[in-house]
J.: 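Dropping a structure here in structure tokens format, bear with me for questions.
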Amino acid sequence: MRVAFFTADSNGGYPVPATNGGAVPTLIESLANENNIQNLCDMTIVSLYDKKAAKIAKEKYPRIHFVWVKVPKMLQHLDKVAFWLVRNFFKKEKAISFRSVFTLFWYIRFSSKFLKKEMFDKVILENNIPIANIIKKSSYQGQYYYHFHNTPRINAHCKDIFDQCSGYLCVSEYVGKEIEKNRSAIGPVPKKKVKILYNCIDTGLFKPMKNTDRNTVRQKICDKYHIPRNQHLVIFVGRLSKEKGPDQLLKAVMNMKDVTVLIVGGLLSGLNLNDSYQEEIHTLAKGLGNRAVFTGYIDQEILPLYYGAADLAVFPSMWDEPAGLTMIEAMACGTPIITTRSGGIPEYVGNIACVLDRNKNLPGNITKAMKRYFNLNKEKKERIRQDGIKRIQDNFSREKYLERFIESIKK
């Protein structure tokens with residue numbers, strides 16, 4: 001079975017392999033990694049070109065076909081200009097959506113021409129709504145599937161393309177139910193076409209450390225950021241955006257003198273952009289003094305060390321998050337989590353995590369939840385850790401992800 005993946009991240013044009021990060025490229029690389037081992041299908045990935053990604057693809061995934069889309073420098077320059085204009089003259093929180101508009105147009109143009117010339121049994125469109133134009137412009141008549149990592153908000157004037165879609169792979173039941181509704185931008189979608197394909201993580205990377213290693217790593221992190229070693233260490237990982245809710249966590253620890261918060265991330269991974277919300281966060285953090293530490297972007301390869309060193313991970317998501325990879329990354333590392341009842345998050349964390357309602361009392365409820373955990377005895381804390389590790393290994397490892405994917409696109 002010949003399967004082609006079309007992926008063009010609209011918020012930066014991240015390549016596969018995921019050398020620049022990104023949840024979608026990381027998941028596609030997980031499929032490539034396992035298929036390179038198991039060879040369950042003939043896999044082609046059409047990716048935006050990146051020199052480092054191309055090198056890794058050649059060395060690490062010889063059984064996967066990569067087709068590279070090289071964007072002209074003039075269009076890359078236009079993207080930078082458009083991004084600058086939107087950031088400086090319009091709402092900054094919307095600027096990310098304009099970071100690679102011209103790159104996306106070029107990708108669609110290239111990919112539609114490529115699809116006209118090649119024959120595939122299945123085509124997978126990864127998340128980005130406008131790339132439905134690849135099907136329209138190529139007049140492709142075979143089976144194609146949309147893989148939704150988010151709830152679609154537009155249809156890019158391609159409603160006919162979505163209506164003829166062979167199936168919809170959704171990262172959670174929440175997303176599936178949303179696209180089935182009459183008010184859905186692409187819907188209503190027939191329930192029989194919806195398949196739930198839960199995300200995965202690399203449990204070879206995100207895994208618990210031995211206690212001796214954990215103590216050593218924790219000491220190094222505390223020393224690096226000048227954190228007293230007798231402090232409880234609480235970690236937040238994600239964009240510094242209102243949707244992710246870091247302000248809720250900072251408010252929660254305001255009166256907890258024995259807690260230091262590690263804020264890992266920025267507005268967009270790998271970039272140090274400023275916006276009004278980040279300024280608000282930093283102002284709020286001043287009230288905590290040296291008990292609020294901003295690490296900036298942390299590379300994926302060392303992120304598990306930060307998770308593992310923390311006593312708790314808190315993800316107070318304030319929007320209907322489709323899935324929540326950071327939650328299962330933390331659990332896989334043996335770090336208990338506190339999160340919110342948002343979108344598909346409860347489907348991923350099950351009854352292992354502390355799941356709180358999103359309301360005006362959230363900061364206070366986070367405070368109470370943290371205190372309850374810190375007051376548990378050693379045995380109960382260890383049981384929570386082990387239950388979380390087992391849940392992720394049993395349900396979200398990438399070794400089983402390829403098999404679940406193949407099953408989802410079988411007719």
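Remember, predicted model here, so these are calculated numbers, not experimental data.
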J.: Please tell me if the side chains of V46 and Y107 come closer than 4.5 Å, counting only heavy atoms from C-beta onward.
T.: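 The answer is yes; the side chains approach within 4.5 Å.
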J.: Does K70 make a cation-pi contact with Y49, if we ask for NZ or CZ under 6.0 Å from the ring centre and within 45° of the axis?
T.: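 Yes, K70 sits over the ring of Y49.
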J.: Does K177 pair with E180 as a salt bridge, N-O distance under 4.0 Å?
T.: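 Salt bridge between K177 and E180, a charged N being under 4.0 Å from a carboxylate O: no.
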J.: Are Q143 and S166 linked by a side-chain donor-acceptor pair shorter than 3.5 Å?
T.: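 No, because no side-chain N or O of Q143 sits under 3.5 Å from a partner of the opposite role on S166.
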J.: Any Lys/Arg nitrogen of R214 or D311 sitting under 4.0 Å from an Asp/Glu carboxylate oxygen of the other?
T.: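 Between D311 and R214 there is a salt bridge, with a charged N closer than 4.0 Å to a carboxylate O.
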J.: Within 45° of the ring axis of Y373 and under 6.0 Å from its six-membered ring centre, is that where the NZ or CZ of K381 lies?
T.: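 So K381 does make the cation-pi contact.
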J.: Charged N to carboxylate O under 4.0 angstrom, E407 versus K195?
T.: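 Judged by the 4.0 Å cut-off on N to carboxylate O distance, E407 and K195 do not form a salt bridge.
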J.: Does some side-chain heavy atom of I129 sit less than 4.5 Å from a side-chain heavy atom of F148?
T.: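 Yes, their side chains come closer than 4.5 Å.
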J.: So, the side chain of N375 versus the backbone of K371: is there a donor-acceptor pair under 3.5 Å, distance only?
T.: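 Such a contact is found between N375 side chain and K371 backbone.
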J.: Quick one: do D121 and R2 make a salt bridge, cutoff under 4.0 Å?
T.: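 Looking at D121 and R2, the cut-off is not met.
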J.: Test ring pair (Phe, Tyr, Trp, His ring centres under 6.0 Å) on F405 and Y198; report intermediate values, then the result.
T.: CA-CA 9 Å; F405 166 78; Y198 287 117; over 10 Å; no
J.: Kindly determine whether D42 and H65 satisfy side-chain hydrogen bond (donor to acceptor under 3.5 Å, both in side chains), including the steps that lead there.
T.: CA-CA 8 Å; D42 186 336; H65 310 293; 2.9 Å; yes
J.: Please check if any side-chain donor atom of E321 sits under 3.5 Å from a side-chain acceptor atom of Y174, or the reverse.
T.: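 No - no donor-acceptor pair under 3.5 Å links their side chains.
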J.: A side-chain contact here means heavy atoms from C-beta on lying under 4.5 Å apart; do N36 and P62 qualify?
T.: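 Yes; the side chains approach each other to less than 4.5 Å.
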J.: Check this for me: does any side-chain nitrogen of one of D50 and K55 sit under 4.0 Å from a carboxylate oxygen of the other?
T.: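 Here D50 does not pair with K55 in a salt bridge, since their nearest N and O are not under 4.0 Å apart.
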J.: Do any N or O atoms from the side chain of T335 and from the backbone of M331 form a donor-acceptor pair under 3.5 angstrom?
T.: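 Pair absent, no side-chain N/O of T335 close to backbone of M331.
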J.: Any salt bridge between K400 and E34, counting N to O under 4.0 Å?
T.: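 Salt bridge between K400 and E34, a charged N being under 4.0 Å from a carboxylate O: no.
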J.: Looking at side-chain heavy atoms only, is the closest gap between F114 and V69 below 4.5 Å?
T.: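 A side-chain contact under 4.5 Å is absent here.
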J.: So that I can tick it off, tell me whether D163 and K159 are bridged by a salt bridge, with the cut-off set at under 4.0 angstrom between side-chain N and carboxylate O.
T.: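 The answer is yes: the pair qualifies as a salt bridge.
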J.: Can you give me the closest heavy-atom contact between N20 and P15, atom names plus distance?
T.: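 Closest heavy-atom pair between N20 and P15: ND2-CD, 3.5 Å.
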J.: Would Y146 and E126 count as a side-chain hydrogen bond (donor to acceptor under 3.5 Å, both in side chains) here? Give the steps.
T.: CA-CA 6 Å; Y146 238 102; E126 288 290 340; over 6 Å; no
J.: Applying salt bridge (Lys or Arg N to Asp or Glu O under 4.0 Å), run through K73 and D79 and close with a yes or a no.
T.: CA-CA 10 Å; K73 289 185 178 180; D79 273 333; over 6 Å; no
J.: Flag yes if more than 12 heavy atoms outside N255 fall under 6.0 Å of its CG atom; otherwise flag no.
T.: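 Atom CG in N255 is not crowded, with 12 or fewer foreign heavy atoms closer than 6.0 Å.
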J.: Taking the side chain from N35 and the backbone from C41, do they hold a donor-acceptor pair closer than 3.5 Å?
T.: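 Looks like yes, one N/O pair under 3.5 Å.
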J.: Taking N199 for its side chain and V171 for its backbone only, find out whether a donor-acceptor pair lies under 3.5 Å.
T.: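 Not a single qualifying donor-acceptor pair exists.
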J.: Does any N or O in the side chain of N361 come within less than 3.5 Å of the main-chain N or O of G364, such that one atom is a donor and the other an acceptor?
T.: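 Flag not set: sc N361 to bb G364 has no pair under 3.5 Å.
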